[in-house]
Undergrad: 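Sharing a structure here in structure tokens format.
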Amino acid sequence: MASGTYKGRFLSLPRHSRSFLVFVCVLISLSAIAQPGPLTVGPTRDTTGELQIWGWNIAAASLNKLVPAFNERYPHIVPHVNMTGTNLQSRFLLSLSAGVGAPDISQLQLREAPRYSITQKLTDLTPLASKYANAFPPSFWDNCLHEGKIYAIPWDMGPCAVFYKTRIFEQYGIQPDTIETWDDFIEAGKTLLDRSQGKIKLFILPTGSMDVMFEILLQQNGGQIFDEEGRIAINSPQVRDVIDLLRRFLESGVTANVQSFSHAFYAAIRSDMVATFPLAAWFGGTIKDYAPDMAGQWGVFRLPAQKPGNLRTSNLGGSVLVIPDQCTQKEAAWAFIEYTLCTPEAQIEQYRNFDLFPGLLSTHQDPFFDQPDPYFSNQPVRRLFSQDIFQIPTLNYTMDWFEAVRYVTQALSKWSSTGMGPTDELLAQLEAKMSRRLGREIAPKTAEAK
Amino acid sequence: MARPQTRSWTSQVWQNRHFYLFISPFFVLFAVFGLYPLIFSLILAFNRWDGLTEMTWVGLSNFEAMFQDEIFFTSLWNTLVFGLMYIPPMFAGAFLFALALNSTWLKMRSVFRAAFFLPVVTPMVVVSIVFFLLYGEEAGLLNFLLAKINAVFPAFPVKSIPWLTDENWSKPAVSILLVWRWTGYNMVLMLAGLQGISNEYYEAARIEGAGAWARMRYITLPLMRPVFVFCTITSLIGTVYMFDEVFVLTLGGPGTSSTNFGLYLFNTSFTDFKFGYASSMAYTVAAIVFICSLFVLRFRKTDGD
């Protein structure tokens, strides 16, 4: 068939079909023209836009609640916050990979931010965000950067402390203020176990998923899985101390072997299975959610130190907001991020309503932090959590962080189920395995811990 | 059709374009959702790709890495152990239930049939919650019953079982769930097989004086062989690519003790973003499954039909 026939056919199409074909062609060429540009100029009151924002449960609800106040500043920007739940990570990856379908703003876990920063698929926020470099704790801010450029803005963080049931502590005569180190903590656990005839354990430490506790302890004593050059740094004196502490926990018998964040775990908030939860600030919101009627029956004391006089806090979790590079309304998106994360009023509002501990340091001076929390026996828990936050060491997250932590979890599980062999052996094996599997060098050993 | 044979096939296609148009939906859908991913993942198997940055051609190095990957072999081993743990009891249960449902003495057959099939259609999330309640170490129903038994027979104390938190118990825990979930499905297949056996064989055998055992041994079992083979192959493939049971119950843990191949594949691609490596594993295991299936099919042919 000659091409002339096709031309003839096109012309012989009914008029509306012809115009439809032309319309499609125009659309295709238009979509090629509407390329998203870089973010260089800030928003003004007249900036317009309709934003799609992805976040998960409490966080999304928290952003939603800020929309009216945001609209007072930017009346022409309409934010739509979607709770996308557990699929968020996969859907975000797919939409970035496909180049279409990503939201204008997405929430990410702090520890997964580096994996996306290196891909060049997130908007470089440096021109507008660099002024906030000192507004957040360094342990948080450093992981929002890649090669000196800012790709994410810190949201909530997870400073750690110990939540405890005041009734149990009183009944069995345990004084929370006498607990200064983890070894004091273990001793308190033994007393508790003795006096309750073995019924009440001190806290939950699942041998199959010790990663949560491992991460808390690791960041507390300045240990690393990766050094700053991305080499494997797990075979260090700090990590050895962490493993030895885990060993003492398990050997003492004060821990309950329950999967982290499982049904039984949440049930333990109400039951007398365990007396404490050494966890991050956000867990306070979870406790209140699960047991609203236990107000006044909970207290908080600072995280025990690994050695007397050492740091009595750590961090677990935390999240950031990012703008995918395919976003076509970057000014509007930045306006929303800047308002929700970089203004004290919005961050404090989120802490007040949803227990999202603000990463923004200027909020910590607010009198709100000194108010007693009636749920936690009128303690000023917010002040307690904010103490020494600046001293929390930075944990070097990498793009293969999750994989690395999985190897740690697997190794610890095997280690604990096979009689807890020598720590050195465990770490040497782990180091070799990580180096092989992640294709990374092993960091040179320093003579002594700092 | 009275057309000369010399016409080219393209013009024939053009001539019959309407008919081709009618059958095209399947081919279009298959091409987009079946063929394209198949070919793309084959290409991926020779590349390194995280889904976000550029793909890099790495030749066979994904396959080389696979042979040094102890978790890959652990996951295959776990898959095999799962298969050996749950398929035999599941088959026995399915066959016995099918026999019972096929017999004339049982009343309310449709109720039983529905009840046994129910686990297959129950959402895994709901199932997982129930099984968590059963398996809990400190507050689970099974350990509660164990404690009660201990109270009755204090002479033989049995310790509470850490179903989901101990490396040695996670496989039995998942296997029990699998037996519970898939027995009904296989039972329905076997029931269909039993109902397909003509009653004439049994009548003839009865006239010849064959007892119940002889009828089972020489009529039922041989004639059920195709169904058994089919169930074996589907269970085999199901075990390799099983995902949701393990994902909701143990996440493959503690350690790697319950990581089967399907879950490892998921972790490699969607947690670690190693799509190339995951594809190379998927193709390798698909080849293994293909060979195993051929082997099972051969067993069917030896003296069956």
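Values reported hereafter were calculated over all heavy atoms of this structure, with side chains retained and with hydrogens, waters and symmetry mates removed. Proteins come first, then strands; the chains are lettered A, B, ... in the order of their sequence lines, and each starts at number 1.
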Undergrad: Can you say whether A:A264 sits under 4.5 Å from chain B via the side chain, the backbone, both, or neither, judging by heavy atoms?
TA: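 For A:A264, neither part sits under 4.5 Å from chain B.
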
Undergrad: Is it true that atom CH2 of B:W9 has more than 12 heavy atoms of other residues, nucleotides or ligands lying nearer than 6.0 Å?
TA: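 Not buried by this count: 12 neighbours or fewer within 6.0 Å.
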
Undergrad: Taking atom CZ as the centre, does B:F144 end up with more than 12 heavy-atom neighbours from other residues, nucleotides or ligands that are less than 6.0 angstrom away?
TA: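 For B:F144, atom CZ is not crowded (no more than 12 foreign heavy atoms under 6.0 Å).
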
Undergrad: For each of A:M399, A:R436, A:R115, A:M273, tally heavy-atom pairs with chain B at distances under 4.5 Å, and name the one with the top tally.
TA: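 Option with the greatest count: A:R115.
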
Undergrad: Can you tell which part of B:D166 gets under 4.5 Å to a heavy atom of chain A, answering side chain, backbone, both or neither?
TA: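 When you check distances to chain A, no heavy atom of B:D166 falls under 4.5 Å.
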
Undergrad: Which bit of A:N257 comes within less than 4.5 Å of chain B, counting heavy atoms only: side chain, backbone, both or neither?
TA: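 The answer is both parts of A:N257.
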
Undergrad: Please output the residues of residues 45-52 of chain B in contact with chain A, using a heavy-atom cutoff of under 4.5 Å, in numerical order.
TA: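 Residues in range: B:W49, B:D50, B:G51, B:L52.
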
Undergrad: Please look at B:F275 and chain A and tell me whether the side chain, the backbone, both or neither of the residue comes under 4.5 angstrom of a heavy atom of that chain.
TA: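 B:F275 touches chain A through side-chain heavy atoms alone.
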
Undergrad: Tell me, side chain or backbone of A:S417 under 4.5 Å from chain B's heavy atoms, or both, or neither?
TA: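 The side chain, not the backbone.
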
Undergrad: First locate atom CD of A:Q410, then atom OG1 of B:T74, and finally report the distance between them rounded to the nearest 0.5 Å.
TA: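 It comes to 8.5 Å.
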
Undergrad: Among A:W415, A:Y116, A:F402, which residue forms the greatest number of heavy-atom pairs with chain B at distances under 4.5 Å?
TA: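 So the answer, after comparing A:W415, A:Y116, A:F402, is A:Y116.
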
Undergrad: Could you look at A:K121 and say if it's the side chain, the backbone, both or neither that has a heavy atom under 4.5 Å from chain B?
TA: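 Just the side chain, heavy atoms under 4.5 Å.
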
Undergrad: Name the region of B:L251, side chain, backbone, both or neither, that has any atom closer than 4.5 Å to a heavy atom of chain A.
TA: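 Neither part, no heavy atoms under 4.5 Å.
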
Undergrad: Check step by step if side-chain contact (heavy atoms from CB on, under 4.5 Å) holds for B:D272 and A:R406.
TA: CA-CA 10 Å; B:D272 303 342; A:R406 199 165 63 239; 2.6 Å; yes

Undergrad: Give me the atom names and distance for the closest heavy-atom approach of B:P254 to A:G208.
TA: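 Reported closest heavy-atom pair: CB-CA, 3.5 Å.
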
Undergrad: Checking side-chain contact (heavy atoms from CB on, under 4.5 Å) for the pair B:E167/A:T418: CA distance, chi angles, key distance, verdict?
TA: CA-CA 10 Å; B:E167 296 222 347; A:T418 50; over 6 Å; no

Undergrad: At a 4.5 Å cut-off on heavy atoms, which part of B:D69 comes close to chain A: side chain, backbone, both, or neither?
TA: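 Both backbone and side chain.
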
Undergrad: Heavy-atom distance under 4.5 Å to chain B: side chain of A:R437, backbone, both or neither?
TA: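 Contact with chain B involves both backbone and side-chain atoms of A:R437.
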
Undergrad: What I'd like to find out is whether the side chain of B:I71 reaches to under 4.5 Å of the side chain of A:Y407, using heavy atoms alone.
TA: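 Yes; the side chains approach each other to less than 4.5 Å.
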
Undergrad: Counting only heavy atoms from other residues, nucleotides and ligands, does the tally under 6.0 Å from CD of A:E441 exceed 12?
TA: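 For A:E441, atom CD is not crowded (no more than 12 foreign heavy atoms under 6.0 Å).
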
Undergrad: If you count the non-hydrogen atoms of other residues, nucleotides and ligands that lie under 6.0 Å from CZ in B:F243, is the total more than 12?
TA: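 Yes.
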
Undergrad: Is B:T165 reaching over with its side chain to a backbone N or O of A:P206, donor-acceptor style, under 3.5 angstrom?
TA: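 It does not hold such a pair.
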
Undergrad: How about A:K433: does its NZ atom have over 12 heavy atoms from other parts shown lying under 6.0 Å from it?
TA: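 Above 12, so yes.
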
Undergrad: With a 4.5 Å cut-off on heavy-atom pairs, point out which of B:T268, B:N168, B:L164 contacts chain A the most.
TA: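 The answer is B:L164.
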
Undergrad: Inspect the surroundings of NZ in A:K414 and state if more than 12 heavy atoms from other residues, nucleotides or ligands are less than 6.0 Å away.
TA: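 Open: at most 12 neighbouring heavy atoms sit under 6.0 Å from NZ of A:K414.
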
Undergrad: Test side-chain contact (heavy atoms from CB on, under 4.5 Å) on B:F273 and A:D400 and set out the steps.
TA: CA-CA 9 Å; B:F273 294 0; A:D400 41 14; over 6 Å; no

Undergrad: Picking from A:T207, A:L93, A:T119, which has the most non-hydrogen pairs under 4.5 angstrom with chain B?
TA: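 Highest number of pairs under 4.5 Å: A:L93.
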
